[in-house]
Amino acid sequence: MNVSVNDGPSGDIQTGKTVSDALSELGIAGQDILAAKVDGAVVDLSRPLCGSPVVEPLRFDRAEGREVYRHSSTHIMAQAVKELFPTAQLTIGPALEDSFYYDFAFERPFTPEDLERIEERAAEIIKRNLTITRREFSKQDAIDFFRARGERYKVELIQGFPDGEPITAYAQGDFVDLCRGPHLPTTGSVGTIKLLNTAGAYWRGDERNPMLQRIYGTSFPTRAEVDAYLARLEEIKRRDHRKVGKELDLISIQDEIGPGLVLWHPKGAAVRLAIENFWREQHIRDGYELVYSPHTARLDLWKTSGHLDYYRENMFPSMKLEGSEYQLKPMNCPYHIMIYQSHLRSYRDLPIRYGELGTVYRYERTGVLHGLMRVRGFTQDDAHLFCRPDQMEHEVSRVLDFTFFVLQTFGFHQFEVFLSTRPKESVGGDEHWTLATSALEAALKSRNISFHLDPGGGAFYGPKIDIKIKDALGRSWQCSTVQVDFNNPERFELSYIGEDGKAHRPIMIHRALMGSIERFFGILIEHYGGAFPTWLAPVQAVVMNITDRQQDYVAAVVTQLKTAGFRAETDLRNEKIGFKIREAEKAKIPFMLVAGNREMQDGTLSVRGRSGSNLGNKTVAEVLDLLQAEVKYTQRELQHTH
RNA sequence: GCUGGCGUAGCUCAAUCGGCAGAGCAGCGGUUUUGUAAACCGCAGGUUGGAGGUUCGAUUCCUCUCGCCAGCUCCA
């Protein structure tokens, strides 16, 4: 048979030879080959070849290679656990992006000491360099085999598999695990396994099922790579917005006020104000009209909107007042709809775009609250567009352009886009869903945006596009969302008068760019590690005197900076300049302006940038120019036009 | 909500196998007038998350409760 290697040699190889034999006959060999893609499917190196396959060796530098590597790592860890704790039952153990886990049914949680022993044993199993072999079973044989080994959960899994298809397991030494594979050729192919932590996890992710003991770990070819990974985890901890938010005195969440309810301290509020000002300016430029709405409304409104039926578990309980029930708002849409409905609308009026920084309250279970990322009261940068069906695709495209512009201004440049389709619990006819979904898809395609499909991930009222941003540490965060809604116009009987003089139903589009200001702020804190770009920094410049004699001069300079619109502060404390610099560095203030006698005499300031850069002496006018140049989002806004 | 862990001064952390709760930083008062990441001296700071219980005595042990953390589930 003719075997060809992707971007490599090809040659005639005897049919039935394994992938690794074929590769080595073609002059491609090496311990670093983990698995291979054969005609697009990832397989074991021991897989026999037939036909005229295209083979692509997979190493650790490829995501598919890493997945196989980590997957085999979980088996090694599971083997170590079984050797040390024979009563532990196997369940499942997948690879994650940079790590892996394995869930065990065990009578008690694993302790840190257990983890150390398991890690040592895993290292030993790597050293044993056991061959990993694939075995096929019929369904009944597989059930009998795992039942005989006492692996109750494995038996349950197999029973759920379709009949008639072969079931595979992988063996290394005495250890056999039900697994689709593929796997590394030997346990010795793994470099270092490092166990990270333990946690409880429900069997099959269902809270009604028993709690299993999960062990997280990671593995890399070299110790140095493990160390780099651990260093990255440390960096993530160092940038944690809860820690930085406290250190920089940005926000607090206090017991007395309630979980998930955020206090914005003056410095955090200054950043928020900069965000909001930018947001409002840009929305007005982009053809939105800004509105405000109250935090509560009669329960009937939420009945009409369907939230009471479909969203109740996320809502605060209602309150009674003067014989009516009122509901704290979990969303802004009904209010915007009511504004739309306050007039008779013409087709000429559309599209109508209402934007609001609307604060909503949602009930979240205590266990899911997390700093600013998941709270109970938060402000959405919400907007609702009302348009004709023929305008829908164009409006969605505009929203996409606007979204990427805004996110880029905040310093995010990598995105993942998802198109989510109809979920099980949903309202509206099929034709509506199909129309809306294809409009979203068309808009994405018109902007050449590549996206993933998330089947069943839509809102109950319509399909949506979600945009996840990648932060400086490569983590993904869900922020932006664009959702088509055929349902609310129906429920509220929205209409506009068309060219034909008859009433027509408008289409509604919900969208948010940042999602929630709280979460977005948390992401910004971690993205910048608290060192915000100048346009967002709570204090943009601090002016400090060296001795008492420069007090008046410093105060005058700060007045000038403030008058020019900058957030500037004095530091006139009776402290040494080194101490003041240290404090300003810790506060991550972008510019430190020092005035001693020399500066006072020639009307200058000694300019120190964040993290020690010396920008020399500048006049006050030059400092103003410098700050102006730094606050450059206003320049970027010129690039955004429709 | 579930499993496990944790709540000590404004912050970061000690200590008490049940016997007067202690440091650094921050704060306040002095001294010092300072040149780019920490000057010196002093003072003050606490119902040890909250409520019960056991005990001569509880911050420590027990029960409940509130909150936080790591996950699970869910999500902006």
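Chain naming here is simple, since letters A, B, ... match the order of the sequence lines and numbering starts at 1 in each. Just so it is clear, the structure is predicted and the values come from calculations on it, not from any experiment.
In this structure, rG29(B) forms a base pair with rC41(B), meeting either the Watson-Crick or the G-U wobble geometry with both donor-acceptor distances under 3.5 Å. rC2(B) is paired with rG71(B) under the criterion used here, namely a Watson-Crick or G-U wobble arrangement in which both key atom distances are under 3.5 Å. Pair check for rU36(B) finds none; no Watson-Crick or G-U wobble contact set falls under 3.5 Å. Taking a pair to require two hydrogen-bonding distances under 3.5 Å in either a Watson-Crick or a G-U wobble arrangement, rG46(B) remains unpaired. Base pairing of rA15(B) is not made with any nucleotide, judged by Watson-Crick or G-U wobble geometry with both donor-acceptor distances under 3.5 Å. With a cut-off of 3.5 Å on both pairing distances, rG57(B) has no Watson-Crick or G-U wobble partner at all. Nucleotide rA51(B) forms a pair with rU63(B), judged by Watson-Crick or G-U wobble geometry with both contacts under 3.5 Å. The partner of rU8(B), taking Watson-Crick or G-U wobble pairs whose two distances both stay under 3.5 Å, does not exist in any strand shown.
Counting only heavy atoms from C-beta on, Asn597(A) has its side chain closest to rG35(B) among rA38(B), rG35(B), rA76(B). The side chain of Met211(A) lies closest to rG71(B) when the candidates are rC66(B), rG71(B), rU33(B). Here the side chain of Ala201(A) is nearest to one of rG4(B), rA76(B), rC72(B), namely rC72(B). Among the nucleotides rA70(B), rU36(B), rU73(B), the one closest to the side chain of Val368(A) is rU73(B). If you check rA37(B), rG71(B), rU33(B) against the side chain of Glu585(A), the one that comes closest is rA37(B). When distances run from any side-chain atom of Ala199(A) to the nucleotides rG27(B), rG35(B), rG71(B), the shortest one goes to rG71(B). Ranking rA37(B), rG67(B), rC75(B) by closeness to the Glu364(A) side chain, first place goes to rC75(B). The Pro109(A) side chain lies nearest to rG4(B) when the options are rA76(B), rG4(B), rU33(B).
Between the C1' atom of rA70(B) and the CZ atom of Arg214(A) lies a distance of 12 Å, rounded to the nearest Å. Counting to the nearest Å, the P atom of rC75(B) and the CD atom of Glu313(A) are 9 Å from each other. Between Ile523(A) atom CD1 and rA76(B) atom P the separation is 13 Å, expressed in whole Å. For the pair Phe579(A) CZ and rC40(B) P, the computed distance is 11 Å after rounding to whole Å. Between the CG atom of Asp249(A) and the P atom of rG27(B) there is a distance of 13 Å, given to the nearest Å. Per the geometry, CD belonging to Glu247(A) stands 9 Å off P belonging to rU12(B), to the nearest Å. Atoms CG (Asn209(A)) and P (rC72(B)) sit 16 Å apart, rounded to a whole Å. Per the geometry, CD belonging to Glu575(A) stands 11 Å off C1' belonging to rA26(B), to the nearest Å.
Residue contacts shown for Ile577(A) are limited to sugar-phosphate atoms, with no base heavy atom under 4.0 Å away. Residue contacts for Gly578(A): at a heavy-atom cut-off of 4.0 Å it reaches the sugar-phosphate backbone alone, with no base atom in range. Using a 4.0 Å heavy-atom criterion, one finds that Val360(A) contacts no nucleic acid atom at all. Base contact: Arg598(A) has a heavy atom under 4.0 Å from a base atom. Contacts of Asp548(A) with the nucleic acid, taken as non-hydrogen atoms under 4.0 Å apart, include base atoms. Glu256(A) comes within 4.0 angstrom of no nucleic acid atom, judged by non-hydrogen atoms across all strands.
You'll find the side chain of Gln483(A) stays beyond 4.5 Å of the side chain of Ile509(A), heavy atoms only. Considering only heavy atoms from C-beta on, Gln550(A) stays 4.5 Å or farther from Val594(A) through its side chain. With contacts defined as side-chain heavy-atom distances shorter than 4.5 Å, the pair Phe85(A)/Ile118(A) qualifies.
Between rG57(B) and rG1(B), the two P atoms lie 36 Å apart (nearest whole Å). rG53(B) and rG24(B) are spaced 37 Å apart, taking the C1' atom of each and rounding to whole Å. The gap from the P atom of rU12(B) to that of rC2(B) amounts to 28 Å, rounded to the nearest Å. Atom C1' of rG45(B) sits at a distance of 24 Å from the matching atom of rA58(B), rounded to the whole Å. Using P as the reference atom, rC11(B) and rC68(B) are 15 Å apart when rounded to the nearest Å. Using atom C1' as the reference point in both rG67(B) and rG49(B), the two lie 7 Å apart (nearest Å). Only the P atoms considered, rU48(B) is 6 Å distant from rU59(B), to the nearest whole Å. For the C1' atoms, the distance linking rU60(B) with rA14(B) amounts to 15 Å, nearest Å.
Summary of the strand contacts: Arg376(A) and Pro259(A) both lie near RNA chain B, and taking for each the nucleotide with the nearest heavy atom, the more 5' one is attributed to Pro259(A). With the nearest nucleotide of RNA chain B identified for both Leu369(A) and Arg374(A), Leu369(A) has the one nearer the 5' end.
Side-chain to base pairing of Gln213(A) with rG71(B): no donor and acceptor N or O lie closer than 3.5 Å to each other. Taking only distance into account, the side chain of Tyr202(A) never meets the base of rG71(B) through a donor-acceptor pair shorter than 3.5 Å. Between the base of rC2(B) and the side chain of Arg365(A) there is no donor-acceptor pair shorter than 3.5 Å. Between the side chain of Glu583(A) and the base of rA26(B) there is no donor-acceptor pair of N/O atoms closer than 3.5 Å.
Both thresholds, 5.5 Å between centres and 30° between ring planes, are met by Phe378(A) relative to the base of rA76(B), so the two rings are stacked.
In this model, a donor atom of one side chain and an acceptor atom of the other lie less than 3.5 Å apart for Trp477(A) and Asp471(A). For the residue pair Glu585(A)/Ser611(A), the side-chain donor-acceptor check at 3.5 Å is not satisfied. Side-chain contact annotation: Lys329(A) with Ser293(A), donor-acceptor N/O pair under 3.5 Å present. Side chain to side chain, Gln380(A) and Asn332(A) meet the donor-acceptor criterion of an N or O pair below 3.5 Å. A donor-acceptor contact under 3.5 angstrom links the side chains of Tyr102(A) and Asp177(A), judged on distance only. At a cut-off of 3.5 Å, with distance as the only test, a side-chain donor of Asn488(A) or Asp485(A) sits close to an acceptor on the other residue.
Remark: Arg214(A) is positioned above the aromatic ring of Tyr101(A), its terminal NZ or CZ atom under 6.0 angstrom from the ring centre and at most 45 degrees off the axis.
Taking only side-chain nitrogens and oxygens, Tyr216(A) comes nearer than 4.0 Å to OP1 or OP2 of rC72(B). Put simply, Lys246(A) has a side-chain N or O that comes within less than 4.0 Å of OP1 or OP2 on rU12(B). The phosphate of rU36(B) (OP1 or OP2) has no side-chain N or O of Ser606(A) nearer than 4.0 angstrom. For rA39(B), neither phosphate oxygen OP1 nor OP2 lies less than 4.0 angstrom from any side-chain nitrogen or oxygen of Arg582(A). Put simply, His370(A) has a side-chain N or O that comes within less than 4.0 Å of OP1 or OP2 on rA70(B).
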